[in-house]
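Below is one structure, written out as structure tokens, with a few remarks after it.
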Amino acid sequence: MINFVYKNPTKIIFGRGTELKVGEEVRQYSGKVLLHYGGGSIKKTGLYDRVVNSLKQAGVEVVELGGVMPNPRLGLVNEGIKICREKGIDFILAVGGGSAIDSAKAIAVGVPYDGDVWDFFCGKAEPKEALPVGVVLTIPAAGSEASPNSVITREDGLYKRGMYSELIRPVFAIMNPELTYTLPAYQTACGTADIMAHIMERYFTNETHTDLTDRLCEATLKTMIKNVPIALEEPDNYNARAEIMWAGTIAHNGLLGTGRIEDWASHNIEHEISAIYDVAHGAGLAVVFPAWMKYVYKNNLDRFVQFAVRVWNVEMNFDEPERTALEGIERLKKFFKEIGLPVSLKEMNIGDDRLEEMASKCTNGGKATIGNFVKLNREDVYNILKLAV
Ligand code: NZQ
Ligand code: ZN
């Protein structure tokens, strides 16, 4: 187990009716907020009215900026920064999923910064300060409600890049599982792939003596495997929705990565796909992750055998452990298929004509490698994308 620092200050307010507390939570930080949200699902469900009423009752002035698209864009981030500066806003409230939250985080670091906010996403600068961000979560998926990351797409060149800073972990996350009843089945499935991918990016490590976090990862994966089919069958099953929502936060708040080296190659590859083709991040992961697994499993067969046996209840084949490992990968793929996700680029209507371009962008023109479980160069990434066709 390697040394680690773990601090997650996000206050989680979980359960039925909790969105009604948003006004009193925000009031502790500010009297004037930017209410930031997506394409309108929150208006259809009535959540928007409940949030605005709660804020008004607490005496908080509301300025709003909706229209965040899935795979959030830099253009709207810059608009948000301008509004906050002009109106003297010092708190951003994101109501929605990873896209609204990530856009809010980017605005939060952009407001006090003199230069171009994209500097933080291309590694040119590190933020020194940020406005506080609060969250009302409507989809368990990205884990952004308690993560120190933001992922934004720059329209010019279609670059999708992430930034990391402890300054952007939300100060609170309000999580009412009832708010997820209205999710279309496909979005529930995409969120599932993302949550499971966040766990697997941490699970696949070459670090030894990680017994506790291995078991925490396995338990969180098994919680998803049990509850997602129930939620798809009964969208308003509170307990299944609650298990999934909490698993989504645990998967990505840093706990499951403690004491181990994480991988993240599949995420890097997926970001190139959603940057160009604008597909849902979770769908892209359902395609990339099994392909990555098939490409790297021989480098640490034991770990893949453990994954198959403990997570998917595959019977151990002592004579041919490789078969056990491969069966684990197949079961993951089968699960993704059963919940309605694509498992090949073709199923997302993506051809093989831009694989080289994606492999190159992902490895900085071939100058860098990605991942830690196995360090992958441009050719490796190309080969994985080929396996995903
Ligand atoms: O935009 P609206 O109208 O709200 O509709 C959204 C959107 O179309 C809809 N939706 C959300 N909650 C709903 C709902 N529809 C009905 N009822 C509800 N309760 O779902 C769609 C997807 O929303 P989005 O916010 O895009 O989903 P998600 O949470 O999966 O976020 C995806 C983004 O997060 C990034 C991804 O790359 C992607 O850009 N990620 C962010 C991370 C982070 N900050 O730590 C880590 C992740 O690995 C990921 O990269
Ligand atoms: Zn993700």
Side-chain angles (χ1 to χ4, degrees), residues 8 10 19 36-48 66-74 76-77 94-106 108 121 133 135-154 159-165 168-170 173 175-202 231 235-236 241 244-245 248-249 251-254 257 262-275 278-286 288-289:
N8 193 322
T10 304
E19 68 273 21
H36 201 38
Y37 57 92
S41 73
I42 66 163
K43 289 202 169 157
K44 268 192 229 140
T45 60
L47 175 62
Y48 171 89
V68 181
M69 288 155 74
N71 301 318
R73 311 299 147 96
L74 184 61
L76 196 72
V77 169
V95 182
S99 297
I101 304 168
D102 285 5
S103 186
K105 288 171 169 177
F121 292 85
V133 173
V135 170
V136 178
L137 187 67
T138 63
I139 171 172
S144 187
E145 66 276 9
S147 86
N149 311 96
S150 165
V151 186
I152 298 293
T153 299
R154 193 183 78 181
Y159 285 96
K160 184 174 182 180
R161 293 288 176 262
M163 66 160 283
Y164 162 91
S165 167
I168 57 173
R169 277 200 211 257
M175 297 169 50
N176 175 359
E178 292 172 323
L179 300 180
T180 68
Y181 291 174
T182 52
L183 277 171
Y186 185 66
Q187 289 299 340
T188 299
C190 288
T192 299
D194 197 15
I195 292 168
M196 293 177 72
H198 293 160
I199 304 165
M200 296 186 296
E201 296 280 16
R202 295 174 166 96
D236 57 355
R241 290 292 193 184
I244 296 166
M245 199 173 210
T249 305
H252 200 43
N253 75 352
E262 305 176 6
D263 188 63
W264 297 101
S266 299
H267 262 72
N268 280 310
I269 299 173
E270 193 297 312
H271 284 166
E272 299 307 337
I273 299 175
S274 48
D278 202 18
V279 295
H281 169 62
L285 285 167
V288 171
F289 228 109

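In each ligand, atom 1 is the first atom listed, and ligand 1 is the first ligand listed.
Set against the non-hydrogen atoms of Gly97, the atoms of ligand 1 under 4.0 Å away are 25 (O), 29 (O). Close contacts between ligand 1 and Pro72 involve ligand atoms 39 (O) [criterion: under 4.0 Å to a heavy atom]. Atoms of ligand 1 lying under 4.0 Å from any heavy atom of Asn71, numbered from 1 in the order shown and given with element: 38 (C), 39 (O). Listed by number with element, the atoms of ligand 1 under 4.0 Å from a non-hydrogen atom of His267 are 48 (O). Atoms of ligand 1 found under 4.0 Å from any heavy atom of Thr138 (numbered from 1 in listed order, with element): 11 (C), 12 (N), 13 (C), 18 (C), 19 (N). Atoms of ligand 1 lying under 4.0 Å from any heavy atom of Val151, numbered from 1 in the order shown and given with element: 41 (C), 50 (O). Shown in contact with Gly38 at under 4.0 Å from a heavy atom are these atoms of ligand 1, numbered in order with element: 1 (O). Less than 4.0 angstrom separates some heavy atom of Thr182 from each of these atoms of ligand 1: 16 (C), 17 (N), 18 (C), 19 (N).
Side-chain N or O atoms of Ser150 include one that pairs as donor or acceptor with a backbone N or O of Asp102 at under 3.5 Å. Between the side chain of Arg241 and the backbone N or O of Asp236 there is no donor-acceptor pair closer than 3.5 Å. Proximity of a side-chain donor or acceptor of Gln187 to a complementary backbone N or O of Ile139 within less than 3.5 Å is not detected. Distance alone, capped at 3.5 Å, places no donor-acceptor pair between the Asn149 side chain and the Ser144 backbone. The closest donor-acceptor contact from the side chain of Thr180 to the backbone of Pro177 lies under 3.5 Å.
Any N or O atom pair closer than 3.5 Å counts here, and Thr45 shares no such pair with ligand 1. For the pair His281 and ligand 1, the shortest N or O to N or O distance falls below 3.5 Å. Looking at ligand 1, you'll find an N or O of Leu179 within less than 3.5 Å of one of its N or O atoms. Among the atoms of Gly40, some N or O lies under 3.5 angstrom from an N or O of ligand 1. Distances between N or O atoms of Ala100 and those of ligand 1 include no value under 3.5 Å.
In terms of protein heavy-atom proximity, atom 34 (O) of ligand 1 is closest to Ala142 CB, 3.6 Å. The closest protein non-hydrogen atom to atom 13 (C) of ligand 1 is Leu183 CD2, 3.4 Å. Distance from atom 22 (C) of ligand 1 to its nearest protein heavy atom, with residue and atom name: Gln187 OE1, 3.5 Å. Nearest non-hydrogen protein atom to atom 15 (N) of ligand 1 is Ser41 CB, 3.7 Å. Residue, atom and distance of the protein heavy atom nearest to atom 28 (P) of ligand 1 are Gly98 N, 3.6 Å. Among protein heavy atoms, the minimum distance from atom 2 (P) of ligand 1 is reached at Gly39 N, 3.3 Å. In terms of protein heavy atoms, atom 47 (C) of ligand 1 is closest to His198 NE2, 3.4 Å. Looking only at heavy atoms of the protein, atom 33 (C) of ligand 1 is closest to Ser99 OG, 3.6 Å.
Rounded to the nearest 0.5 Å, atoms CD1 (Ile152) and OG (Ser99) are 8.5 Å apart. If you take CD1 on Ile42 and CD on Glu19, they are separated by 11.5 Å, rounding to the nearest 0.5 Å. From Leu47, atom CG reaches atom CD of Glu178 across 11.5 Å, with rounding to the nearest 0.5 Å. Here the OG1 atom belonging to Thr10 is positioned 6.5 Å from the CZ atom belonging to Arg169, to the nearest 0.5 angstrom. Atoms CD1 and CD1, from Ile101 and Ile168 in turn, are 11.0 Å apart once rounded to the nearest 0.5 Å. Here the CZ-CD distance, from Phe289 to Glu270, works out to 11.5 Å after rounding to the nearest 0.5 Å.
For Ser147, every heavy-atom contact with ligand 1 shorter than 4.0 Å involves the side chain, none the backbone. Here His271 has side-chain heavy atoms under 4.0 Å from ligand 1, and that is the only part of it that gets that close. Contacts with ligand 1 closer than 4.0 Å are made by side-chain heavy atoms of Asp102 only, the backbone lying farther away. With a heavy-atom cut-off of 4.0 Å, Ala141 touches ligand 1 through its side chain alone.
Not a single heavy atom of Ile42 sits closer than 4.0 Å to an atom of ligand 1. Proximity of Lys160 to ligand 1 is established by a heavy-atom distance of less than 4.0 Å. Under a 4.0 angstrom heavy-atom cut-off, Gly282 registers as lying outside contact with ligand 1.
The closest heavy-atom contact to atom 7 (C) of ligand 1, among the options Pro70, Gly66, Gly143, comes from Pro70. Atom 23 (O) of ligand 1 has its nearest heavy-atom neighbour, among Asn176, Ile139, Asn253, in Ile139.
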Working note: Arg202 + His252, criterion side-chain contact (heavy atoms from CB on, under 4.5 Å); need CA distance, chi angles, decisive distance, verdict. CA-CA 9 Å; Arg202 295 174 166 96; His252 200 43; 3.3 Å; yes
side-chain contact (heavy atoms from CB on, under 4.5 Å) assessment of Met69 paired with Leu76: CA-CA 9 Å; Met69 288 155 74; Leu76 196 72; over 6 Å; no
Step by step, would you call Arg73 with Asn71 a side-chain contact (heavy atoms from CB on, under 4.5 Å)? CA-CA 7 Å; Arg73 311 299 147 96; Asn71 301 318; 4.0 Å; yes
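Within the protein, the N, O or S atoms lying under 2.8 Å from the Zn ion (ligand 2) are Asp194 OD1, His198 NE2, His267 NE2, His281 NE2.
Using a 4.0 Å cut-off between charged nitrogen and carboxylate oxygen, Glu272 and Arg161 count as a salt-bridge pair.
Between Leu179 and Thr45 there is no side-chain heavy-atom pair separated by less than 4.5 Å.
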